[in-house]
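Here is the naming used below: chain letters follow the sequence lines, and residue numbers restart at 1 for every chain.
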Protein chains: 2
Amino acid sequence: MVRSARQPTIVDVARDAGVAISTVSRYLNGVPTRRANRERIEIAIEQLGFRRNAMAAAMKSDRSHMIGIMAPVLDEFHSAVLERLATRLRQTGRVLVTYCHGGDTKVMHEIVDFISTQRLDGLFIAGEAPLRDRTDDLIRRGTPVIFYNNELRGLWADRVLVDNRNASRRAVNHLLDLDHTRIAIIHGSLDASSAVDRLAGYRDALEAAGVPVTSDYERDGRWLPDGGYHAMEQLMSQSRPPTALFVTNYRMTIGALAWIKERGLSVPDDLSLICFDDIEAFPLMRPAITVLSQPVEAITNSLAEMLFSRLGDPSLPPRAMTLECSLILRDSTQKLSPDAER
Amino acid sequence: MVRSARQPTIVDVARDAGVAISTVSRYLNGVPTRRANRERIEIAIEQLGFRRNAMAAAMKSDRSHMIGIMAPVLDEFHSAVLERLATRLRQTGRVLVTYCHGGDTKVMHEIVDFISTQRLDGLFIAGEAPLRDRTDDLIRRGTPVIFYNNELRGLWADRVLVDNRNASRRAVNHLLDLDHTRIAIIHGSLDASSAVDRLAGYRDALEAAGVPVTSDYERDGRWLPDGGYHAMEQLMSQSRPPTALFVTNYRMTIGALAWIKERGLSVPDDLSLICFDDIEAFPLMRPAITVLSQPVEAITNSLAEMLFSRLGDPSLPPRAMTLECSLILRDSTQKLSPDAER
DNA sequence: TTGTAGGCGTTATCAT
DNA sequence: ATGATAACGCCTACAA
């Protein structure tokens, strides 16, 4: 099973079919062709087992039909986006190339360098602060870049985001409605706009309700399970621990739940919990977790549409699309019991 | 921000640096170059913002440095594999292209056709029965294909698998050790070797223990949450429902748990549960779910190594690598209570 | 070590 | 609608 000597080319097809190379090329690209020729070409292709070489076509036409996506990790959110994008793009004859940087700045830079070598037709990026400069370079070179999840403020580029601030406000308002006032937040790394916005929404809600905002109730969980776990430890060891908790992604929630389980705390009796992102397992937990769910489907569709329209007209001014999250009430939040120390 | 007129090429660099094109090419490929030339080339590259065009290089050298991966969906398992592979491949200057078929035969075929156009250097495939013929064609064309997750029996190709049969045997033995005899299985679609093997391991264990194997306790959940849910419904509505349950992937487990939650059944009091695949949330459920965990890291490493060695020597005979799963005991299984109807 | 020239498989531009 | 032919950007003999 040795690599076959050479794959048949369009030249072989032309010769076999007794037509010109350009006729074959046109046939392959769907340009109308005289019927007799078309049939002979089809036979030749079939016999030779010819498959057009996408790379040669790409080189000539300066369109690789490859789209990249760059994410820190493939967690449930990013892989859901990835799966849908891959499917959608394939339907348009494009291919999705995946890059993961694991949050490492050096790797991010390497990847951008790598990418500019690749001549992708477009790129989706989950925005990360260290990406600002390099990305700018990519864009200037002419690669359409579309950001999602986080925006790089001030960067003149397309983006699809959720209204993190408003969603967080709603989550915290829900807790306030249940009479909680000692509400803590475990937020992500503040170099991400989504972390900043979610924190801002949390503060908005407290301020609007006249509840004092204090750093005692704000902890950075760096988006990671481990960070969520440690944040819990610190939050709950205070003299006046929170009675309610807002965790701004699902991975930190995993960590927080691990801590809760370890200490035998009861949710929602001891602590009301609400978190950002919904995953399949959350409705099945005891208690089922109340969440802010991101509209993954809509995000993906918007990303795809935005890409297509930019591919169609590169001179379009950058557009921002903002989508709303939905608050899904389940069993992890409850009214503050009246006898709780206020 | 219009697409720049033209990207600088190796020719521009050569002109600017005052050296020959081939000198630049050699420099780019790490061939020793006279120092003075090297410096001038570096300056020219810097000034022009030159980036070598990977596609032109690929076409010339007949190596695209692109590796594909084809999976039905990006669930926790496949996306974990994907993430690690993408990282590992990037370290060797390669790129990972993702294809998802959602289990649709027609789409699978389209993708294989699509792929043979792409001139990938290699391809990882989560084996699926309908892929047999088309894949064979790809392999014969010279694309190294490495299967994982499911094997296509009789296909002469590399593969990395886990010992599904043995793992399942251990899971069921664990239940038998706890005195269960009415042990049910929810298995995946039997056109997948992993489903067949897991079912076989289940039967092995029962037979070895002298427990009768009955189709009353075997249900097909088609790998899906929904399938798990309905399988539960059927299994538990029997006159002698099982006292223990083995679910052969995590998605069907999700469905089974949904049914359990809905009916207010208690695990492990009413039903012991063990399942294939571990996910972040399982240790946090109440009860924490006992699982067979797949060695994702080892699987990925093996896939990568197998690819590299095949790239190095295409004439190598196909190899199969089989890895063991680990049984992680948590709280979802317990000894059958003596008063339970036997 | 360096330069020259031909070719990889396609598309695009011309006439025809 | 078709055919001949010049690119596309890079690599690689081969000769210097």
Side-chain angles (χ1 to χ4, degrees), chain A residues 3-42 44-45 48-66 93 116-121 141-142, chain B residues 3-42 44-45 48-66 93 116-121 141-142:
Chain A
R3 184 151 200 146
S4 31
R6 201 174 61 86
Q7 306 258 1
T9 76
I10 194 177
V11 179
D12 301 313
V13 174
R15 188 182 8 79
D16 265 42
V19 301
I21 297 175
S22 47
T23 306
V24 180
S25 174
R26 279 190 292 264
Y27 164 80
L28 290 172
N29 292 304
V31 178
T33 309
R34 187 184 298 158
R35 178 158 170 201
N37 284 338
R38 193 183 344 133
E39 285 166 354
R40 306 176 67 184
I41 290 173
E42 278 164 357
I45 287 180
L48 292 165
F50 165 83
R51 293 288 200 274
R52 151 224 249 117
N53 183 329
M55 289 196 311
M59 180 178 151
K60 180 64 193 171
S61 63
D62 202 30
R63 286 224 158 282
S64 64
H65 297 284
M66 304 195 308
S116 59
T117 253
Q118 235 74 47
R119 304 298 198 262
L120 301 180
D121 287 350
R141 287 185 121 72
Chain B
R3 184 150 199 145
S4 32
R6 199 175 63 87
Q7 305 259 2
T9 76
I10 195 178
V11 179
D12 301 313
V13 174
R15 189 182 7 78
D16 265 42
V19 301
I21 296 174
S22 52
T23 307
V24 179
S25 174
R26 279 191 292 267
Y27 165 81
L28 290 174
N29 292 306
V31 178
T33 310
R34 187 183 297 161
R35 177 155 172 206
N37 283 337
R38 192 181 349 130
E39 284 168 356
R40 304 175 69 182
I41 290 173
E42 278 165 357
I45 287 179
L48 292 164
F50 165 84
R51 293 288 200 276
R52 143 221 256 121
N53 183 329
M55 290 200 306
M59 181 179 153
K60 180 64 198 174
S61 62
D62 202 30
R63 286 224 160 280
S64 65
H65 296 284
M66 304 195 308
S116 61
T117 253
Q118 233 79 43
R119 304 297 198 263
L120 302 180
D121 287 349
R141 287 184 120 74

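- Between the side chain of B:Asp12 and the backbone N or O of B:Thr9 there is at least one donor-acceptor pair closer than 3.5 Å.
- Neither OP1 nor OP2 of C:dT1 sits under 4.0 Å from any side-chain N or O of B:Asn37.
- With distances taken from any side-chain atom of A:Thr9 to the nucleotides C:dT10, D:dG9, C:dT2, the minimum falls on C:dT10.
- B:Asn37 places no side-chain N or O within donor-acceptor distance of the main-chain N or O of B:Thr33, the cut-off being under 3.5 Å.
- Here the P atom of nucleotide C:dG7 and the CG atom of A:Asn53 are 18 Å apart, to the nearest Å.
- With rounding to whole Å, B:Arg40 atom CZ is found 11 Å from C:dT2 atom P.
- A pairwise comparison of heavy atoms in B:Arg40 and B:Gly18 identifies NH2-CA, 4.3 Å as the closest pair.
- Straight-line distance from the CG atom of A:Leu28 to the P atom of D:dT2: 13 Å, rounded to whole Å.
- Counting distance only, with no hydrogens placed and no angle test, the side-chain atoms of A:Arg119 and the base atoms of D:dG9 include no donor-acceptor pair under 3.5 Å.
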Test log, rule side chain to side chain contact (heavy atoms under 4.5 Å, CB included), inputs B:Phe50 and B:Val24: CA-CA 11 Å; B:Phe50 165 84; B:Val24 179; 5.6 Å; no
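- Of the two residues contacting DNA chain C, namely B:Met59 and B:Ile21, the nearest-nucleotide position lying further toward the 5' end is that of B:Ile21.
- Distance CD1 (B:Ile10) to P (C:dT2): 14 Å, rounded to an integer number of Å.
- When heavy atoms are screened at a 4.0 angstrom cut-off, B:Val31 is found touching no nucleic acid atom at all.
- Each of A:Ala58 and B:Ala56 lies near DNA chain C, and the nucleotide nearest B:Ala56 is the one positioned closer to the 5' end.
- Applying the 4.0 Å criterion to OP1 and OP2 of C:dT13, one finds that A:Ser22 has every side-chain N and O outside that range.
- Rounded to whole Å, the distance from CZ on A:Arg34 to P on D:dG3 is 8 Å.
- Closest heavy-atom contact between B:Met66 and A:Met66: SD-SD, 3.3 Å.
- One can place CD1 of A:Ile41 at 10 Å from C1' of D:dT2, the figure rounded to the nearest angstrom.
- For the pair A:Arg15 CZ and D:dG3 P, the computed distance is 15 Å after rounding to whole Å.
- Put simply, A:Ser25 has no side-chain N or O that comes within less than 4.0 Å of OP1 or OP2 on C:dT10.
- When atom types are taken as modelled, the side chain of A:Gln7 and the backbone of A:Arg51 share no donor-acceptor pair closer than 3.5 angstrom.
- Within the 4.0 Å cut-off from OP1 or OP2 of C:dT11, at least one side-chain nitrogen or oxygen of A:Asn29 is found.
- For a distance-only test at 3.5 Å, the side chain of A:Lys60 fails to qualify as a donor-acceptor partner of the base of C:dA12.
- In this structure, the nucleotide among C:dG3, C:dT10, D:dC10 sitting nearest to the side chain of B:Ala20 is C:dG3.
- A straight line from CG of A:Asp62 to P of C:dT10 spans 17 Å, rounded to a whole angstrom.
- Within the nucleic acid shown, A:Arg52 comes within 4.0 Å of sugar-phosphate atoms alone, with no base atom in reach, counting heavy atoms only.
- Nucleic acid contact for B:Phe50: sugar-phosphate only, since backbone atoms but no base atoms lie under 4.0 Å from a heavy atom of the residue.
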